[in-house]
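Taking it in order: structure first as C-alpha cells, then the write-up.
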Amino acid sequence: MTNLDLIDWALVGRSALWILGLSLVLACLSFADYEASQGKRRLREVLSRRGYQRGLHIGLALFCLGLIGSARAWWEAALWGLLAAAFAYQAWQAH
C-alpha cells in the first residue's frame, strides 16, 4: 500500500471546487474594490458590471457544486444543486 492509496481523491476534487469558487469570489471583490478606490466610485457601482457579475456568479456556482459532495441527505444535495443551477443561470444572463 502506497501513501497515495490513503488519499480520498474524490473528496479532494469536491473540496477543490468550493475552494476555487470562493477564491474566485474573493478575487472579484478584491479587483472591484481596487477599481472603485482608483476611480473614486462606489463598490456597488463597479460590482454591477457584467464581468464582475459573471465572475461572482460562477464562483458561487462552483462553491455550491463543491458542497453537493459534502451533503449528507439527498434533499440537501438537491438544494445545493438548485442553487448552483440558479447561479449558473445568473452568470449566463449577466448583462
Side-chain angles (χ1 to χ4, degrees):
M1 177 182 273
T2 65
N3 288 340
L4 292 178
D5 294 335
L6 301 176
I7 297 174
D8 183 4
W9 290 105
L11 178 62
V12 170
R14 290 188 303 265
S15 297
L17 275 178
W18 71 262
I19 292 170
L20 178 66
L22 287 183
S23 64
L24 182 59
V25 168
L26 181 62
C28 284
L29 290 174
S30 178
F31 277 116
D33 183 52
Y34 175 75
E35 188 175 332
S37 68
Q38 292 298 311
K40 303 214 185 321
R41 286 178 285 193
R42 294 177 45 140
L43 180 61
R44 181 179 296 212
E45 178 185 335
V46 175
L47 283 175
S48 67
R49 293 183 185 167
R50 180 177 59 181
Y52 289 113
Q53 286 291 306
R54 282 199 176 148
L56 288 172
H57 287 119
I58 289 171
L60 290 170
L62 287 172
F63 173 74
C64 292
L65 287 174
L67 288 183
I68 288 174
S70 67
R72 299 194 187 272
W74 67 269
W75 57 268
E76 188 179 355
L79 288 176
W80 282 118
L82 285 173
L83 196 56
F87 281 127
Y89 179 75
Q90 288 292 322
W92 183 60
Q93 290 292 322
H95 58 298

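Hydrogens, waters and symmetry mates play no part in the numbers below; they use all other heavy atoms, side chains included.
- Listed by first then second residue, pairs satisfying side-chain hydrogen bond (donor to acceptor under 3.5 Å, both in side chains) with a partner in residues 30-40 read E35-R49, E35-Y52, not counting sequence neighbours.
- Within the structure, no pair that satisfies the salt bridge (Lys or Arg N to Asp or Glu O under 4.0 Å) test touches residues 18-29, not counting sequence neighbours.
- Other residues sharing a hydrophobic cluster with L11 under the 4.5 Å side-chain heavy-atom criterion for ILVMFWY residues do not exist; the residue is a singleton.
- Every side-chain contact (heavy atoms from CB on, under 4.5 Å) that L56 has, sequence neighbours left out, goes to V25, C28, L29, L47.
- Residue pairs meeting the side-chain hydrogen bond (donor to acceptor under 3.5 Å, both in side chains) criterion with at least one partner in residues 63-81, sequence neighbours excluded, are absent.
- Residue pairs meeting the salt bridge (Lys or Arg N to Asp or Glu O under 4.0 Å) criterion with at least one partner in residues 13-22, sequence neighbours excluded, do not occur; the list is empty.
- In this structure, L26 has no side-chain contact (heavy atoms from CB on, under 4.5 Å) partners at least two apart in sequence or on a different chain.
- Following chains of ILVMFWY side-chain contacts shorter than 4.5 Å, one can reach I19 starting from L22, so the two form part of one hydrophobic cluster.
- When all heavy atoms of A61 and A88 are compared, the closest pair comes out as CB-N, 4.1 Å.
- Scanning all heavy atoms of the two residues, the minimum distance from I58 to A91 falls at CG1-CB, 3.7 Å.
- Taking both residues in full, the closest heavy atoms of G59 and L24 are given as N-CD2, 3.5 Å, listed atom of the first, atom of the second, then distance.
- Residues forming a side-chain contact (heavy atoms from CB on, under 4.5 Å) with A78 (at least two apart in sequence, or on another chain): none.
- L60 and L79 are not part of a single hydrophobic cluster, where members link through side-chain heavy atoms under 4.5 Å apart.
- Panel note: side chain S15, backbone V12; no donor-acceptor pair is recorded below 3.5 Å.
- Rounded to the nearest 0.5 angstrom, Q93 CD and R54 CZ are separated by 9.0 Å.
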